[in-house]
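Below is one structure, written out as structure tokens; comments come after it.
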Amino acid sequence: MKKSNIYSSGDQRKINPNWFTGKVHMKDVSSKIKSKEQGIYHVYFHNGSKTKMHFHSGNQVLIATQGLGSLEIFRKFGNGKSNFKIKKTEKIPLREGDVVYIPAKTLHTHGSIDKKKTFSHIAINILPTKNSEYKTVWYESDFKTIVTELVD
């Protein structure tokens with residue numbers, strides 16, 4: 001049995017800055033507690049930063065832990081793999097203590113809505129099947145009408 005504290009220092013996960021619109025840092029909780037069924041991360045979005053448009057191969061749960069944020073859900077139009085139209089279908093405000101479930105393959109973005117403060121949440125990425133890899137597909141977009149390319 002392993003124990004960790006989400007507020008302790010250290011346990012930083014190296015992240016690709018191309019997946020976010022501004023300064024973000026992330027703690028890898030799952031590796032600290034040796035979780036094998038899900039990835040658990042404490043993510044900090046600074047000064048209005050958010051994720052780029054993306055979807056996951058498995059389900060995801062977000063638990064807001066600090067500040068004000070939002071989750072935005074989009075619908076895809078067209079058959080393009082990396083260039084297609086989008087339409088926002090839902091915007092969900094996230095405040096400390098809020099919990100939201102995001103089904104697999106849901107196109108979305110989430111992060112801070114306050115340009116002067118930090119928003120954080122715990123992300124629980126649930127593996128789609130046992131011994132499988134959890135995959136996230138990232139996109140460049142205008143967050144309104146179009147996705148223009150895949151992000152590595």
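- Geometrically, Lys76 engages Phe84 in a cation-pi contact, judged by NZ or CZ lying under 6.0 Å from the ring centre and within 45° of the ring axis.
- The OG1 atom of Thr21 lies 11.5 Å from the CE atom of Met53; values are rounded to the nearest 0.5 Å.
- Taking all atoms of both residues into account, the shortest heavy-atom contact from Gln60 to Ala123 is NE2-CB, 3.8 Å.
- The hydrophobic cluster containing Ile126 also contains Ile63, counting ILVMFWY residues as joined when their side-chain heavy atoms lie under 4.5 angstrom apart, directly or transitively.
- Considering all non-hydrogen atoms of both residues, Thr106 and Phe55 come closest at O-CB, 3.4 Å.
- Counting only heavy atoms from C-beta outward, the side chains of Leu68 and Arg95 approach each other to under 4.5 Å.
- Taking hydrophobic clusters as Ile, Leu, Val, Met, Phe, Trp and Tyr residues chained together by side-chain heavy-atom distances below 4.5 Å, Phe74 does not share a cluster with Ile146.
- Not one N or O on the side chain of Asn125 forms a donor-acceptor pair closer than 3.5 Å with the backbone of Gln38.
- Side-chain atoms of Leu107 and Tyr139, non-hydrogen and from C-beta on, do get closer than 4.5 Å to each other.
- Here the closest non-hydrogen pair linking Ser30 and Gly39 is OG-CA, 3.7 Å.
- To the nearest 0.5 Å, atom CD of residue Glu140 and atom CD of residue Glu149 are 5.0 Å apart.
- Applying side-chain contact (heavy atoms from CB on, under 4.5 Å) to His110 and the options Glu72, Lys50, His54 leaves one that passes, His54.
- Counting heavy atoms from C-beta on, the side chains of Ser112 and Lys117 never come closer than 4.5 Å.
- For Ser49 (side chain) and Gly22 (main-chain N/O), no donor-acceptor pair under 3.5 Å exists by modelled atom type.
- Side-chain atoms of Tyr44 and His42 include a donor-acceptor pair closer than 3.5 Å.
- Note: the hydrophobic cluster containing Ile15 also contains Phe119 (ILVMFWY, side chain heavy atoms under 4.5 Å, direct or indirect links).
- Atom CG of Leu127 and atom CD of Glu37 lie 7.5 Å apart (nearest 0.5 Å).
- Closest of all the heavy-atom pairs between Asn59 and Tyr134 is O-OH, 3.3 Å.
- Linking Ile, Leu, Val, Met, Phe, Trp and Tyr residues whenever their side-chain heavy atoms come within less than 4.5 Å leaves Ile86 and Phe77 in two separate clusters.
- Put simply, the side chain of Thr65 gets close to the backbone of Ser120: a donor and an acceptor are under 3.5 Å apart.
- Between Phe45 and His121 there is a side-chain heavy-atom pair separated by less than 4.5 Å.
- Heavy atoms only, all atoms of each residue included: Asp28 and Arg13 are closest at CB-CB, 4.0 Å.
- From Trp19, atom CH2 reaches atom CE of Met26 across 7.5 Å, with rounding to the nearest 0.5 Å.
- Heavy-atom minimum distance, Pro93 versus Asp98: O-OD2, 3.7 Å.
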Derivation and outcome, side-chain contact (heavy atoms from CB on, under 4.5 Å), residues Ile40 and Ile33: CA-CA 9 Å; Ile40 306 167; Ile33 63 171; 4.1 Å; yes
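- In terms of hydrophobic clustering, with Ile, Leu, Val, Met, Phe, Trp and Tyr side chains grouped at heavy-atom distances under 4.5 Å, Ile102 and Phe143 are assigned to different clusters.
- Each of Asn16, Thr51, Asn18 was checked for a side-chain contact (heavy atoms from CB on, under 4.5 Å) with Trp138, and the lone residue meeting it is Thr51.
- Interatomic distance, Leu71 CG to Ile113 CD1, rounded to the nearest 0.5 Å: 12.0 Å.
- If you take CG on Asn47 and NZ on Lys23, they are separated by 8.0 Å, rounding to the nearest 0.5 Å.
- Residues Glu90 and His108 are not in side-chain contact: their nearest non-hydrogen atoms beyond the backbone lie 4.5 Å or more apart.
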